[in-house]
J.: 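Here you go, one structure.
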There are 2 protein chains.
Amino acid sequence: MCNQLLKLKIMKDFLTEIEFVGLTSRLKRLSDALLYSTKELYKSEGLDIEPNWNLIFILLQENEAMTITEISEKLQFSHPAVVKIINKMKKNGHVETKTDDQDKRRQILTLTEKAHRQLPLFEKYWTAGRQTVMDLLEDSPNFLEEFLKIEEKVNQSDYKERTLKNLKNDKLSN
Amino acid sequence: MCNQLLKLKIMKDFLTEIEFVGLTSRLKRLSDALLYSTKELYKSEGLDIEPNWNLIFILLQENEAMTITEISEKLQFSHPAVVKIINKMKKNGHVETKTDDQDKRRQILTLTEKAHRQLPLFEKYWTAGRQTVMDLLEDSPNFLEEFLKIEEKVNQSDYKERTLKNLKNDKLSN
DNA sequence: TATATTTGTGTAACCAGTTACTTAAATTGA
DNA sequence: TCAATTTAAGTAACTGGTTACACAAATATA
C-alpha cells in the first residue's frame, strides 16, 4: 500500500521539460486524449455516432447537399479520409448518396430522415462538448488566436521546408 | 488555366469558423501535418530515423539504461506504443536490449555503438527542427504556457467527464 | 509456505488519419 | 472531333497512436 502512494507522486512531464522539442508529440498526445475521451463518451451514453461526424452534420445542414471533394476541401482533410467517414455514416443510416445527373463522377451526399430525427439529441451532446472546450480554454485567452497563427505559418511553409532552410543557415554560419 | 487560378482562391478555414467545435480536429490536423512533414524530411535526406526517435535518444543519453515501462511513464505514452517504437529502433540497430538479472521481466534498453556514432549527424537535424518550432512560435508568446494549462486541465478531468457534467447542468437549468 | 495480487512486457485488433495508385467521367485544345 | 489532360471518387497499404487481453515473474499476504 505504501507502494501505491509512491506511484501517485507527480512526475514532471518530460515532453514539457524539453520545451520546443516536445511540442509536436504533445500536440498529438492532447489530440488523442480528446479523441479517445469523446469516443468513450458516446459509447458510454449509447450514442451511435463518432467524434468527427458533427462536422459533417453541420456542413450538410448548412448546405443541404455536398460532394466528397467539397467536404474534403472545407475540412482540409484528404479525400480518402472523407470517404471513410461518409462510408461509416452511410452504414449507420445517417447519410445517403446519389450520383449527380449532370456529372456522373460526383456523389451527392445528403442527411437521411433518421439523421434529421436524431439531430436534436446529438445537438445536446455537441453543445455540452463545446462548453467543455470553452472551459478548457478559459484560462488561455490567447490560445485560439495564437494557434491560428501557427497553423497559418505551417500552411505557408511546412516543417520540412523550414527545417531544411534552418539546416542550410546553420551550415553557412559555421 | 483560368480554372487553375480559381482553385487558388483562399478558402476560409471551416474548422476555424466554427470556433470551439473545430478545435479538436485542428489539433489533430496540425499534429499530423508536423508528423508527415518530419517523415518526409528524414526520407528526402536519406536519414534512417523516424519522428519520435529523438525522444528515446535523449532519454537513453540522459539515463544510459531504461526499461519500457520507465520510458512510457516519462513520455506518458501507453506501453505498447513504446514497445513498437523500440522494436523499430532495435531492427534499425540503434537500440539493444538485455533481460535484467535481478528481475527477469524487465528489458534493459541501451543505445548501440552505431547509435552513438550517428548521433552527431542526427543532432544537426534535431537542432534545425527545434529552431523550426521556435520560429513557428515566434508570434505566439503565450502559446506554450497556455497549452500547458489546457493539458493540465485535461489531466485533471478529461473531456468525457467534463462533458457529462455540462450535460447534467444543462438539464438542471432547463 | 502457498496462494493471491501486482507488475513488466508482448500481442492483437482497432482507429483516424495519411500517401500512392486506379478508374471512369468530364473538359480542354489541336 | 478525337486525343490528351484534369477531376471525382474509391481502394490499398501504411502510420503512430490506442485499448483489451495474455502470460510469466515478482511481491504481498494469509
Side-chain angles (χ1 to χ4, degrees), chain A residues 1-4 6-7 24-40 42-44 50-53 55-56 66-73 75-90 97-109 158, chain B residues 1-4 6-7 24-40 42-44 50-53 55-56 66-73 75-90 97-109 158:
Chain A
M1 75 185 71
C2 188
N3 234 344
Q4 213 56 327
L6 282 168
K7 271 287 151 62
T24 304
S25 301
R26 284 166 71 195
L27 283 170
K28 170 140 181 72
R29 204 172 54 179
L30 179 60
S31 133
D32 276 351
L34 294 172
L35 174 69
Y36 285 101
S37 198
T38 307
K39 287 183 74 71
E40 252 186 59
Y42 292 154
K43 194 178 161 192
S44 76
E50 310 220 355
N52 268 337
W53 293 13
L55 304 175
I56 310 289
M66 296 180 79
T67 66
I68 298 281
T69 304
E70 282 164 3
I71 290 178
S72 69
E73 278 170 357
L75 300 182
Q76 289 172 224
F77 286 9
S78 69
H79 87 267
V82 177
V83 169
K84 281 189 189 178
I85 296 171
I86 293 298
N87 279 344
K88 275 196 189 172
M89 293 182 77
K90 278 169 75 174
T97 59
K98 85 181 236 304
T99 305
D100 187 11
D101 289 336
Q102 267 73 50
D103 183 341
K104 279 166 206 149
R105 292 168 308 177
R106 309 176 92 190
Q107 295 295 308
I108 309 292
L109 309 178
D158 69 10
Chain B
M1 75 186 67
C2 187
N3 234 343
Q4 212 57 326
L6 282 168
K7 269 290 150 58
T24 304
S25 300
R26 283 166 71 194
L27 283 169
K28 172 142 179 71
R29 204 172 54 180
L30 180 59
S31 132
D32 277 351
L34 294 171
L35 175 70
Y36 285 101
S37 198
T38 307
K39 287 182 73 72
E40 250 185 61
Y42 292 154
K43 194 178 161 193
S44 77
E50 311 220 354
N52 268 336
W53 294 11
L55 304 176
I56 310 289
M66 296 180 80
T67 66
I68 299 281
T69 304
E70 282 164 3
I71 291 178
S72 69
E73 278 170 357
L75 300 181
Q76 288 173 225
F77 285 9
S78 69
H79 86 269
V82 177
V83 170
K84 280 190 188 176
I85 296 172
I86 294 298
N87 279 343
K88 275 196 190 171
M89 292 182 78
K90 278 169 73 174
T97 58
K98 85 181 237 302
T99 304
D100 187 10
D101 288 337
Q102 268 70 53
D103 182 341
K104 280 166 206 148
R105 291 168 309 177
R106 309 175 92 188
Q107 295 296 306
I108 309 293
L109 309 177
D158 70 9

J.: What distance separates I86(B) CD1 from L109(B) CG, expressed to the nearest 0.5 Å?
T.: 5.0 Å

J.: Does T69(A) or R29(A) map to a spot on DNA chain D nearer the 5' end, using the closest nucleotide for each?
T.: T69(A)

J.: Which is true for K84(B) with a 4.0 Å heavy-atom rule: it touches a base, it touches only sugar-phosphate, or it touches nothing?
T.: base

J.: Counting only side-chain heavy atoms from C-beta out, which of dA9(D), dT18(C), dT18(D) sits nearest to F77(A)?
T.: dT18(C)

J.: What nucleotide, of dG10(D), dA16(C), dG8(C), holds the atom closest to the side chain of K39(A)?
T.: dA16(C)

J.: L30(A) has an atom CG; how far is it from atom P of dG16(D), in whole Å?
T.: 20 Å

J.: When you measure from the side chain of V83(B), which nucleotide among dG10(C), dG10(D), dG16(D) comes out closest?
T.: dG10(C)

J.: Which whole-number value in Å describes the distance from Q107(B) CD to dT7(C) C1'?
T.: 14 Å

J.: Could you work out which one of dT9(C), dT18(D), dG10(D) sits closest to the side chain of Y36(A)?
T.: dT18(D)

J.: Could you tell me how far apart L27(B) (CG) and dG16(D) (P) are, to the nearest whole angstrom?
T.: 20 Å

J.: With rounding to the nearest 0.5 angstrom, report the CG to NZ distance, L30(A) to K28(B).
T.: 12.5 Å

J.: Quickly, which of T69(B), T67(B), D100(B), T99(B) forms a side chain to side chain contact (heavy atoms under 4.5 Å, CB included) with Q107(B)? Name it, please.
T.: T99(B)

J.: How would you label the contact of K88(B) with the nucleic acid (heavy atoms, under 4.0 Å): base, sugar-phosphate, or nothing?
T.: sugar-phosphate

J.: Please report, rounded to the nearest Å, how far the P atom of dA16(C) is from the CD1 atom of I86(A).
T.: 14 Å

J.: From the list dG10(D), dG16(D), dT18(C), which nucleotide is the closest neighbour of the side chain of L35(B)?
T.: dG16(D)

J.: Give the rounded distance in Å between these two atoms: CD of E50(B) and P of dC14(D).
T.: 13 Å

J.: Whether S78(A) contacts dT18(C) is assessed here as follows: a side-chain N or O lying under 4.0 Å from the phosphate OP1 or OP2. Is that the case?
T.: yes

J.: Between atom NZ in K43(A) and atom C1' in dC15(C), what is the gap in whole Å?
T.: 13 Å

J.: Under 3.5 Å between N/O atoms: give me all the protein pairs with nucleotides 21-25 of chain C, atom names plus distance.
T.:
from: dA25(C); atom 1: N3; to: R105(A); atom 2: NH1; distance (Å): 3.4

J.: D32(B) or D100(A): which one's nearest nucleotide on DNA chain C is closer to the 5' end?
T.: D32(B)

J.: Starting the side chain at C-beta, find the nucleotide from dT18(D), dA16(C), dG8(C) nearest to P80(B).
T.: dT18(D)

J.: Given atom CD1 of I68(A) and atom P of dT11(D), what is their separation to the nearest angstrom?
T.: 11 Å

